[in-house]
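Encoded as structure tokens, the structure appears first; notes follow it.
Predicted, not measured: the structure shown is a model, and the values here were computed from it.
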Amino acid sequence: MAVVRDTPSAEGGPSSRKIAPRLGSLDVFRGLTILLMLLVNNVALDANTPYLLTHAPWNGGVYLADLVFPWFLLAVGVAIPFAAASFRKKNLPSWRYDLKVIQRSILLFGLGLLIVSSIARRPVFALDVLQLIAMAYLVAALLYNLPTHRRGMIVGFSLLAYWAAIRYLPVPGVGRAIFEEDQNLILHFNNTFLSAVNLRGLFSVIPTSALVMLGSLIGDLFRLELPPLRRSAWLLGIGLGLTALGALWNLSLPYNKTFWTPSYILLTAGLGTILLGIFHYLVDARGWRGWAFVLTVLGSNPLFAYVAPILVKVWLLQGIVVGGVSIQQSILNFWRGWVGSYGGGWLYTLSYIAFWWLVLWVMYRRRIFLRI
């Protein structure tokens with residue numbers, strides 16, 4: 001891991017202008033994802049939390065909170081072609097690229113373990129957000145050098161095989177194929193085999209890797225010699241197509257974030273690609289960047305913006321207790337005492353987001369970017 005002063009590239013970290021061009025729309029898309037993450041992770045409204053800021057119940061569709069994680073994965077995939085192009089310009093042997101991908105994956109996985117261990121207040125080996133991103137990135141980045149049509153075939157085969165297994169293979173002990181909250185094939189393997197070795201959720205690497213590979217295919221579109229308006233149109237068309245395909249697949253196997261069903265993968269990838277198309281038109285094609293500055297600041301340092309707020313909340317706001325009350329609760333009590341429970345909850349959440357935006361703004365102004 002390194003902290004570097006430079007111009008942010010499409011990879012999400014610094015890079016020479018000669019190596020990777022600035023892709024403003026990707027920064028804005030990542031920034032929106034970070035903003036939603038900070039909002040969802042720090043909402044303090046208890047029972048009054050708007051349902052869109054919670055995760056959808058079983059067979060309950062897709063809420064706003066359910067878009068955050070897959071959009072992270074999509075953005076990781078879109079950045080892969082830029083990272084690969086930067087490497088190729090260095091004229092290094094291909095095994096060095098593979099080594100760099102493996103190193104990045106290990107560091108991401110390690111940061112994920114740091115987060116889950118910090119939350120548990122003890123060393124923990126488990127799969128969580130960054131660990132899953134690390135493994136999905138590893139698969140997609142190592143397969144990136146395959147021809148485009150072969151990567152597309154792998155995406156399609158992975159999602160079809162995952163769907164067929166859930167939809168048609170009988171669940172041991174049940175005797176038939178079933179996909180219910182308390183009975184399904186993936187849950188059976190999690191409970192029977194994977195939980196014992198702290199690898200619960202390992203099968204999610206299959207659909208999430210497909211999502212990151214989809215992102216890399218979208219990223220290829222950004223590197224083609226196309227007029228900006230045509231590229232925006234392609235992005236919108238692809239996004240609408242993926243969204244429609246996800247909606248159709250939902251009729252066979254419903255949207256489900258917990259088990260990353262193919263319908264959920266395609267829906268979230270489609271919606272994310274539509275947003276990328278809109279942002280590309282506004283920011284890259286039309287040059288209207290001023291409105292997006294707030295999101296650009298968040299999206300230029302995505303790894304720091306994810307890790308730092310969690311660790312500060314766990315170790316400082318929740319970890320330091322004065323007079324039997326944590327710093328987090330003291331701040332929340334202050335806001336609630338001023339404007340009431342509901343308004344105070346919103347002020348706490350928005351003030352925490354504003355604090356981290358200011359931190360990221362200072363880093364942005366000083367060209368400090370965290371990369372791995």
For this session: Would you check, one step at a time, whether the test ring-ring contact (aromatic ring centres under 6.0 Å, His included) holds for Phe179 with Trp58?
Result: CA-CA 10 Å; Phe179 188 65; Trp58 188 265; 5.0 Å; yes
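In summary, Arg336 and Asp46 engage in a salt bridge, as defined by a charged side-chain N under 4.0 Å from a carboxylate O.
For Ser118 against Leu114, the heavy-atom pair with the smallest separation is OG-O, 2.7 Å.
Ring-centre distance between Phe69 and Trp260: below the 6.0 Å cut-off. Aromatic rings of Tyr264 and Trp249 (six-membered ring for Trp) have centroids beyond the 6.0 Å cut-off, not under it.
Leu276 places a side-chain heavy atom less than 4.5 Å from the side chain of Val78. Taking 4.5 Å as the limit, every side-chain heavy atom of Ser263 sits out of range of all side-chain heavy atoms of Leu248. Side-chain contact between Tyr63 and Asp66: present, with at least one pair of heavy atoms (C-beta onward) separated by less than 4.5 Å.
Using cut-offs of 30° and 60° for the angle between ring planes, the Trp163 and Tyr168 rings count as perpendicular. In this pair, Phe222 and Phe82 present their aromatic rings tilted. The plane angle is within the 30 to 60° band. The aromatic rings of Tyr352 and Trp356 lie perpendicular to each other, with more than 60° between the two planes, well past the 30° mark. Relative ring orientation between Trp346 and Tyr342 is described as perpendicular, the plane-to-plane angle rising above 60° on a 0-90° scale split at 30° and 60°.
Side chain of Asn191 to main chain of His188: no donor-acceptor pair is present (N/O by atom type, distance under 3.5 Å, no hydrogens or angles). Although no hydrogens or angles enter the test, the distance criterion places a donor-acceptor pair under 3.5 Å between the side chain of Asn250 and the main chain of Tyr255. Between the side chain of Ser158 and the main chain of Ile206, no donor-acceptor pair closer than 3.5 Å is present. Under a 3.5 Å cut-off, the side chain of Arg30 and the backbone N or O of Gly299 do form a donor-acceptor pair. Side-chain atoms of Asp284 come within 3.5 Å of backbone N or O of Ser25 as a donor-acceptor pair. Looking only at distances, a side-chain donor or acceptor of Gln131 sits under 3.5 Å from a matching main-chain atom of Ala126. In this structure, Asn301 contributes its side chain and Leu370 its backbone to a donor-acceptor pair below 3.5 Å.
The closest side-chain donor-acceptor pair between Glu180 and Asn184, if any, does not fall under 3.5 angstrom.
Tested against Leu130 for a side chain to side chain contact (heavy atoms under 4.5 Å, CB included), the candidates Phe72, Tyr306, Phe109 yield a single pass: Tyr306. The side chain to side chain contact (heavy atoms under 4.5 Å, CB included) test with Met135 singles out one residue from Leu108, Thr208, Val212, Val205, and that residue is Val205.
Under a cut-off of 6.0 angstrom, the local environment of CZ in Phe293 is crowded, with over 12 non-hydrogen atoms contributed by other residues, nucleotides or ligands.
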